[in-house]
Amino acid sequence: MTVRVRLAPSPTGNLHIGTARTALFNWLYARRHGGTFILRVEDTDRERSRDEYTQNILDGLAWLGITYDEGPFFQTQRRDRYTETVHDLLERGLAYYCYCTETELEELRASQKVQKLAPRYDNRHRHLTVEQRQSFEAEGRRPVIRFKIAEPREIRWHDLVRDDVVWNSRDLGGDMVIARVEESGAIGLPLYNFAVVVDDIDMGISHVIRGEDHIANTAKQILLYEALGVTPPLFAHPPLILNPQGAKISKRDGATSVSEFRAMGYLPEAFNNYMILLGWSPSNGQELFSLSEAAEQFDFDRVNAAGARFDWDKLNWLNGQYIRSLPLTELGDRLKPFWQNAGIDLTPYPESWQQELTALIAPSLTVLADAPKVAATFFVDFPDYTPEILEPLRSEVVQTALRALLDELNRRESLTAAEVNELVQAQITAQKVKKGAVMKPLRLALTAESHGTELMPTLALLHQRQLAVPRLEKALSSL
RNA sequence: GCCCCUAUCGUCUAGAGGCCUAGGACACAUCCCUUUCACGGAUGCGACACGGGUUCGAAUCCCGUUAGGGGUACCA
């Protein structure tokens, strides 16, 4: 079977993490089976669709490295096909004009609620006479097109993630609206469930892979396939990504769109890896893998049917793993926008210095955006010394040792971390002090911080930029 | 309300009737490395929701309960 799958996002918001994972599952499945991955933008909701969202979705997919083989197609450019199909259904008596007003429908639902019944359309306009239609038209009512849903009836399909799913047509809410009608009386824009089916048929989609929230739509769509005389595709409904509390993930949960994760400094490799792990696992139990590694064995029999909670800790861990596995030059490149964002300009410094800095801070990074903070001390002339911070420098031996070190530093213009280490060691031996007694005061004198990146390379990097000597002098003189 | 889906450590998961004294990863704790933090290494803590069946035997199959999630549009 030729695999043709699609991602069908609607441009009513930024690329959502759930959509991204659906994209991933589609992409992996296509890759695994040598199939085709199609991108189709579902922009029939004209009130909510916006071009900037389309752009955000395209950018997000590109950033993640999720490439598509066909598209992007836009539903608003395929109106003729929908109109044609609506006419076909109308002619064959499978669809009809419904003139109910919004108010009438609201009243219907309200009374159903009182009777503790499921809200649904009662198919009241299914058999309108010509006279009734003309009278509604004369009232100026604007109709919609509804597709007839026969009841009761069992609809079942074999879901690739949850095996057999059974639905009764009774629970579908009555005859469904498939298209609006324009003021001129012409068929207007189609509604989601209908447009999807027409598109999936036209595009030869073999597998519909989408979130669990679409399960109810599948039953409706299968009916449409039948009406159009087409064998439905196979369906796979992976579960939703839940927030840490176990509910549907929302804006309140910190971040929901791919662009936000990008801005926070997550690597696309790590983000992809994490999203796949949320619901799927390779047979060998491997936790770190690339997209292509996953594609080699991805299948729905290993996709969990239960929803997975989003866990920042694990994402952070993965991101750290990927950051540390990056070649230094590559990590340096990826860090660039984050330095820039923090107002730090690295260009005046030698490549070698930049690279040593990158190597020094790499173990401390969880996300790329951490870099400016971790490396802050390298981009100021002097840290903020206070009497409390410099307290450990008051000891006579410490001062002697630091002065000796200062003299040595003054004599050398540039030092490597290894040379700094030797130098410090030599001074410690010469001054007959304990290393532990010197290291902490040295760090404080250099950075005014008690914790930080490895001290010897830090000193070397500071000295290369002529910052170490003045800092030591200032620290010693402000005692 | 009604319909559908789901149910293994705090979290993500392995587990397709005996291999399970339930494995791994994250988190957490302790120790080691490092006279800092981080990284890294080691060890530990920690789960089959509950109740009935089926079976010689059930985390695995069936039913029910409970809990969670999703849906219930002239949104997608």
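This structure is a prediction, so every number in the text was calculated from the model and none was measured. Numbered from 1 within each chain, the chains take letters A, B, ... in sequence-line order. All heavy atoms count here, side chains included; hydrogens, waters and symmetry mates do not.
In terms of phosphate contacts, K248(A) brings a side-chain nitrogen or oxygen within less than 4.0 Å of OP1 or OP2 of G71(B). The phosphate of C2(B) has neither OP1 nor OP2 within less than 4.0 Å of any side-chain N or O from R109(A). The shortest distance between the side-chain N/O atoms of R120(A) and the OP1/OP2 oxygens of U72(B) is not below 4.0 Å. A sub-4.0 Å separation between OP1 or OP2 of C37(B) and a side-chain N or O of S364(A) is absent. Close to U8(B), at under 4.0 Å from its OP1 or OP2, lies no side-chain N or O of N304(A). Within the 4.0 Å cut-off from OP1 or OP2 of C12(B), not a single side-chain nitrogen or oxygen of Q286(A) is found.
Heavy-atom distances under 4.0 Å link RNA chain B to R443(A), S450(A), H451(A), G452(A), T453(A), E454(A) of residues 443-454 of chain A, given in residue order. Listed in residue order, the members of residues 306-316 of chain A having a heavy atom less than 4.0 Å from RNA chain B are A306(A), A308(A), R309(A), D311(A), D313(A), K314(A). For RNA chain B, the residues of residues 5-12 of chain A within the heavy-atom distance limit of 4.0 Å (strictly under) are S10(A), sorted by number. Listed in residue order, the members of residues 155-170 of chain A having a heavy atom less than 4.0 Å from RNA chain B are R162(A), V166(A), W167(A).
Atom CZ of F235(A) and atom C1' of G70(B) are 17 Å apart (whole Å). In this structure, L242(A) atom CG and U13(B) atom C1' are separated by 15 Å, rounded to whole Å. Distance CD1 (I241(A)) to P (G70(B)): 13 Å, rounded to an integer number of Å. Atom OH in Y97(A) sits about 15 Å away from atom C1' in C74(B), given to the nearest Å. Distance, L278(A) CG to C12(B) C1': 7 Å, rounded to whole Å. Atom C1' of nucleotide A25(B) and atom CD1 of I276(A) are separated by 16 Å, given to the nearest angstrom. For the pair D171(A) CG and C5(B) C1', the computed distance is 14 Å after rounding to whole Å. For the pair L108(A) CG and U72(B) P, the computed distance is 17 Å after rounding to whole Å.
Ring geometry, F310(A) versus W312(A): the interplanar angle exceeds 60°, so the pair is classed perpendicular (tilted spans 30 to 60°). Note on ring orientation: taking the six-membered ring where Trp is involved, the planes of H125(A) and Y99(A) are tilted (angle from 30° to 60°).
A cation-pi geometry, defined here as NZ or CZ lying under 6.0 Å from the six-membered ring centre and within 45° of its normal, holds between R133(A) and Y97(A).
The pair E182(A)-R180(A) fails the salt-bridge criterion, with no side-chain N (NZ, NE, NH1 or NH2) lying under 4.0 Å from an Asp/Glu carboxylate O. The pair E106(A)-R109(A) does not count as a salt bridge, with every side-chain nitrogen at least 4.0 angstrom from each carboxylate oxygen.
Using a 4.5 Å heavy-atom threshold, the side chains of N193(A) and F147(A) count as separate. Looking at V438(A) and L405(A), their side chains never come closer than 4.5 Å, going by heavy atoms from C-beta outward.
Residue P239(A) is the one, among G246(A) and P239(A), whose nearest nucleotide of RNA chain B lies closer to the 5' end (criterion: closest heavy atom). If A305(A) and A247(A) are placed on RNA chain B by their nearest nucleotide, the residue sitting closer to the 5' end is A305(A).
With sequence neighbours excluded, no residue forms a ring-ring contact (aromatic ring centres under 6.0 Å, His included) with H16(A).
Taking the six-membered ring where the residue is Trp, the centroids of F25(A) and F298(A) are separated by under 6.0 Å.
At a cut-off of 3.5 angstrom, the base of A76(B) holds at least one donor-acceptor pair with the side chain of N217(A). No N or O donor and acceptor, one from the side chain of Q112(A) and one from the base of G1(B), sit under 3.5 Å apart.
Among the nucleotides G69(B), U35(B), A76(B), the one closest to the side chain of K434(A) is U35(B). In the set C74(B), G1(B), A25(B), the nucleotide with an atom closest to the side chain of W317(A) is A25(B).
Separating the C1' atom of G23(B) from that of C48(B) is a span of 13 Å, rounded to the nearest Å. Using atom P as the reference point in both U11(B) and A16(B), the two lie 23 Å apart (nearest Å). Using atom C1' as the reference point in both C61(B) and U21(B), the two lie 24 Å apart (nearest Å). Remark: the separation of the C1' atoms in A76(B) and G15(B) is 37 Å, to the nearest Å. Distance noted for atom C1' between A73(B) and U60(B): 41 Å (whole Å). The same atom, C1', is picked in A14(B) and in C5(B); the two are 22 Å apart, to the nearest Å. Comparing the same atom, C1', in C75(B) and in C62(B) gives a spacing of 40 Å after rounding to whole Å. Comparing the P positions of G1(B) and C9(B) gives a spacing of 27 Å, expressed to the nearest Å.
Under the side-chain contact (heavy atoms from CB on, under 4.5 Å) test applied with M176(A), the options L223(A), L191(A), L224(A) reduce to a single match, L224(A). The residue from I57(A), T256(A), T54(A) that alone fulfils the side-chain contact (heavy atoms from CB on, under 4.5 Å) condition with L15(A) is I57(A). Each of I66(A), L278(A), L64(A) was evaluated against L24(A); a single residue qualifies, I66(A), per the side-chain contact (heavy atoms from CB on, under 4.5 Å) test. Evaluated for a salt bridge (Lys or Arg N to Asp or Glu O under 4.0 Å) with D200(A), the options R40(A), R81(A), R210(A), R78(A) yield exactly one hit, R40(A).
Here ring pair (Phe, Tyr, Trp, His ring centres under 6.0 Å) pairs that include residues 171-195 of chain A, with residues two or more places apart or in two chains, are Y192(A)-H214(A).
Side chains of D311(A) and Y274(A): a donor-acceptor N/O pair is absent below 3.5 angstrom, by distance only.
Between the side-chain ring of H214(A) and the base of A76(B), a stacking contact exists by the 5.5 Å and 30° definition.
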So L455(A) and T447(A), side chain to side chain contact (heavy atoms under 4.5 Å, CB included) or not? Walk me through it.
-> CA-CA 10 Å; L455(A) 192 50; T447(A) 68; 5.7 Å; no
